[in-house]
Each structure stands twice: as structure tokens, then as C-alpha cells.
Amino acid sequence: MSSLSGDEIANRGASQAGRKVGPSLVALAAMLWGTAGIASKMLYGIDDVPPLVVGFLRLALAVPPLVVWCWLRLGVATFHFPGRDLLLVLALGGSIAVYQVFFFAAVPEIGAALAALITICSGPLLVGLGAVSLLGETVTRRLGVALSLGLIGAGLLVGLPSDEGNMTGMLYAAIAALAYAAFVLVSRSLAKHDPGKIIVVGFGSGAIIVAPFAFASGADAFAWSASGWAILLYIGFVPTALAYLFYFRGIRSTPATSASVLALVEPLAATTLAVAIFGETLSFAAIIGAAFLVTAMVILLRRGSPSRSVPTSETTESSLCANTT
């Protein structure tokens, strides 16, 4: 029997630690995403900012501080994605842009509740199908139970809308759900790269795609108050830049389907904050839904992720940076 070298032992220990920490980082990211909805609600009470413009600025404001951070660490490697990975990171930007455009197009057609219900509940199912067929992941019994509890819990928490939606709005929401699923699957494929550079290139390209739609709204940014801009900066920096740093780091050792279920922490966090800050009350069904979601998270986080960690390319990126300085 051959003995393991010191590096092999260290790498195995790091991999085991990653399998435990990864899902927790994804859940932490989802908690931060939940604060974006509360911040947006506060923003709409202060200034007249179209939701799609908020979506555009969320992407655009997240990029500059990460460009500086990545450049100091990686130099030109910040923008280097070899071969197929360049197409993937551009696809990631396209998917998040499509999600922003079509989700916000669905809201005036069918309402925020139904749009959220369609995207939240169909997203993990689409991710699961894609993960099995495209990434070769397996759906274990534990993951299947967590997925079922999570979807039921999210549906009860968001609630069924009182009005029926039209087909156009539901089609928009379905496209947004497909875009979300594509985002998660591509994220898993890019997880070997530095999280900051994924956001810089991916979200930067996404912001460029969304920009024409945002500018078409005719919003007057100069008319917004200092408080409104402070909230926008928060949305760009915390539930976007910081949260996605956690997300892309965590998804290295978290299967795509598990990540999509853990992302259901977002409506749970948003609802909890709405109760605490705005004094909103929850129906009995919403309380049951929250309990289901918490149970699903405990199932997934209790023993970490069964997936192998994605090998990283940060050593190569650091070497590229060193060779160019």
C-alpha cells in the first residue's frame, strides 16, 4: 500500500473541508440575496426607480470594486478565460441578463407573486434535470427529500396569487426560470476559476446586455436622492458582489441541484426581514412553508455535500499574473 505525500494529505483535507463549507457559503449567499428585496422595497418608497433599472445597476455597480480587487491579485489574468471557459462566462452573463429582462417583464403581466412562484419553484427542477443530463450529477434520496420539502415550502411561503395570470406573463416567467437554471449549471462549470473574475467578466457582460433595456425606461438618475443611491450601492456591493463571491466559492464543492435548493433560503430570509422591519404578518400556510424550508436546509447542511470539489485554476492564474508583472 503506497503512502500519501504531505501535499496529497493536505489536498484531501482541504477537499473534505470544502465539502462541508461549500453548501454553507451558498446558503449564506442566498441569505444576502434576501436582503436585496427588502432594500428594493425601501428604495421604491424613496425614489421612482424602475425595477429593471435596479436589476441593471445591481450588476453594473458590483463590477468596479471587484475589478480593482482582482487586478491587485491577478493582474491581466482577471480577464483571462481559456478556450471554452470564455464562452461559458459570456453565457453566464447572458443568462443573468435574460433573467433580469424577462422576470421584470413578467411582473406587470402576472404580478410579482406569481412571477416569483414560477421562477422559484421551477428553477430547482430545471437545474436538477440539467445537472443529471449535462453534468453527470446524481440525485440522492437525501437530496430528493430536501428538494421536495424546499419546493413545497417555497410555494407555501410565497403564496398562491389571487388573480390568474395571462399566458404572455407566464411565458416570460418560464424563460426567466430557464435562464436561472442555465446560470446555476454554468456556474458549476466555471467554479474552478477565481470567484471575483467570474463576476467581473460574467456580470460585466450581463450589465452591457441589460443596459439598452434599462436606458429605454427613461429613468432620470440625477433626480434620485442620496438615500436612494446609498441603497443602490448597498444592493450592488452586498447582496450582489459579496454574496456572489460566497456563491461561486461555495458551488465548487456543492452539486448544482443542492445549490438551487439552498438558494431557496432567499425568500425565507426576505420574509423574515419583512416581518422584523416592516411588521408584516405571516399566514399559517407561510409559517408551515418556512418550517419546510428550514428542514430542507438542515438536511442539506447537516452532512455537507456528497459532490467532489471542482479542481481550481487559481494557481495557474496566479502564475499568469506573476509572468506578466
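Environment of CZ in Phe237: crowded, with over 12 heavy atoms of neighbouring residues, nucleotides or ligands closer than 6.0 Å. The 12-atom threshold is exceeded at CZ of Phe278, counting heavy atoms of other residues, nucleotides or ligands nearer than 6.0 Å.
Distance check: Leu66 CG to Asp194 CG gives 9.5 Å after rounding to the nearest 0.5 Å. Distance check, rounded to the nearest 0.5 Å: CZ of Arg188 to OG of Ser258 gives 9.0 Å. Taking CG of Leu185 as the reference point, atom CG of Leu88 lies at 11.0 Å (rounded to 0.5 Å). Rounding to the nearest 0.5 angstrom, the gap separating the CE atom in Met31 from the OG1 atom in Thr272 is 8.5 Å. Going from atom NE2 of His193 over to atom CZ of Arg252 covers 10.0 Å, rounded to the nearest 0.5 Å. Here the CE-CD1 distance, from Met170 to Ile175, works out to 13.0 Å after rounding to the nearest 0.5 Å.
A 4.5 Å side-chain heavy-atom check between Ile199 and Phe248 finds at least one atom pair inside the cut-off. In this structure, Leu157 and Ile288 have side chains that are not in contact, with every pair of non-hydrogen atoms separated by 4.5 Å or more. Residues Val261 and Met297 meet the side-chain proximity criterion, which asks for heavy atoms closer than 4.5 Å. Side-chain contact between Pro124 and Leu151: present, with at least one pair of heavy atoms (C-beta onward) separated by less than 4.5 Å. Leu125 is listed as a side-chain neighbour of Leu147, based on a closest heavy-atom distance under 4.5 Å. Contact of the Ser189 side chain with the Leu135 side chain is registered, since non-hydrogen atoms from C-beta on lie closer than 4.5 Å. A 4.5 Å side-chain heavy-atom check between Ser187 and Leu92 finds at least one atom pair inside the cut-off. Annotation: side chain of Phe81 is in contact with side chain of Val201 (closest heavy-atom distance under 4.5 Å).
Neither Leu178 nor Phe104 shares a network with the other; the hydrophobic side chains, linked directly or stepwise wherever heavy atoms of I, L, V, M, F, W or Y lie under 4.5 Å apart, form separate groups for each. In the hydrophobic clustering of this structure, Ile209 does not group with Val186; members are Ile, Leu, Val, Met, Phe, Trp, Tyr whose side-chain heavy atoms approach within less than 4.5 Å, directly or through other members. Grouping the Ile, Leu, Val, Met, Phe, Trp and Tyr side chains by contacts below 4.5 angstrom, directly or via other members, places Leu134 with Ile251. Under the 4.5 Å side-chain heavy-atom criterion for ILVMFWY residues, no single connected hydrophobic cluster contains both Ile208 and Val98. Under a hydrophobic-cluster definition in which Ile, Leu, Val, Met, Phe, Trp and Tyr are linked whenever side-chain heavy atoms come within less than 4.5 Å, directly or via other members, Leu282 and Val294 are assigned to different clusters.
Here the shortest heavy-atom pairing between Ala131 and Ala256 reads CB-CB, 4.1 Å. The nearest pair of heavy atoms linking Glu280 to Val275 is O-CG2, 3.4 Å. Across all non-hydrogen atoms, the minimal contact from Ala106 to Tyr172 is CB-CB, 3.7 Å. Residues Gly123 and Ala181 come closest through the heavy atom pair O-CB, 4.3 Å. The two residues Ala27 and Val265 have their closest heavy-atom pair at O-CG1, 3.9 Å. Nearest approach of Arg58 to Pro239, heavy atoms of both residues: NH2-O, 3.0 Å.
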>> Walk me through whether Val53 and Trp224 qualify under side chain to side chain contact (heavy atoms under 4.5 Å, CB included).
In response: CA-CA 12 Å; Val53 174; Trp224 301 338; 3.7 Å; yes

>> Between Tyr244 and Phe203, does the ring pair (Phe, Tyr, Trp, His ring centres under 6.0 Å) criterion hold? Intermediate values first, please.
In response: CA-CA 10 Å; Tyr244 278 101; Phe203 285 30; 4.9 Å; yes

> Could you go step by step and tell me if Leu129 and Val132 meet the side chain to side chain contact (heavy atoms under 4.5 Å, CB included) rule?
Replying inline: CA-CA 5 Å; Leu129 292 173; Val132 171; over 6 Å; no

> Hey, mind stepping through Leu300 and Leu143 against side chain to side chain contact (heavy atoms under 4.5 Å, CB included) and telling me if it holds?
Replying inline: CA-CA 7 Å; Leu300 287 177; Leu143 178 55; 3.8 Å; yes

> Stepwise, does the side chain to side chain contact (heavy atoms under 4.5 Å, CB included) test hold for Ile235 with Leu61?
Replying inline: CA-CA 8 Å; Ile235 293 174; Leu61 292 174; over 6 Å; no

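In this structure, Lys197 fails the cation-pi test against Phe79, since its NZ or CZ atom is not both closer than 6.0 Å to the six-membered ring centre and inside 45 degrees of the ring normal. Cation-pi check for Arg73 over Trp71 is not met; the charged atom does not lie both under 6.0 angstrom from the ring centroid and within 45 degrees of its normal.
Note: Tyr180 and Phe103 fail the aromatic proximity criterion, with ring centroids not under 6.0 Å apart.
Among Ile198, Leu25, Val26, the single residue meeting the side chain to side chain contact (heavy atoms under 4.5 Å, CB included) criterion with Arg249 is Leu25.
The aromatic rings of Phe215 and Phe56 sit perpendicular, their planes meeting at an angle over 60°, well past the 30° parallel limit.
Remark: side-chain polar atoms of Asp47 are not paired, donor with acceptor, to backbone N or O of Val49 under 3.5 angstrom.
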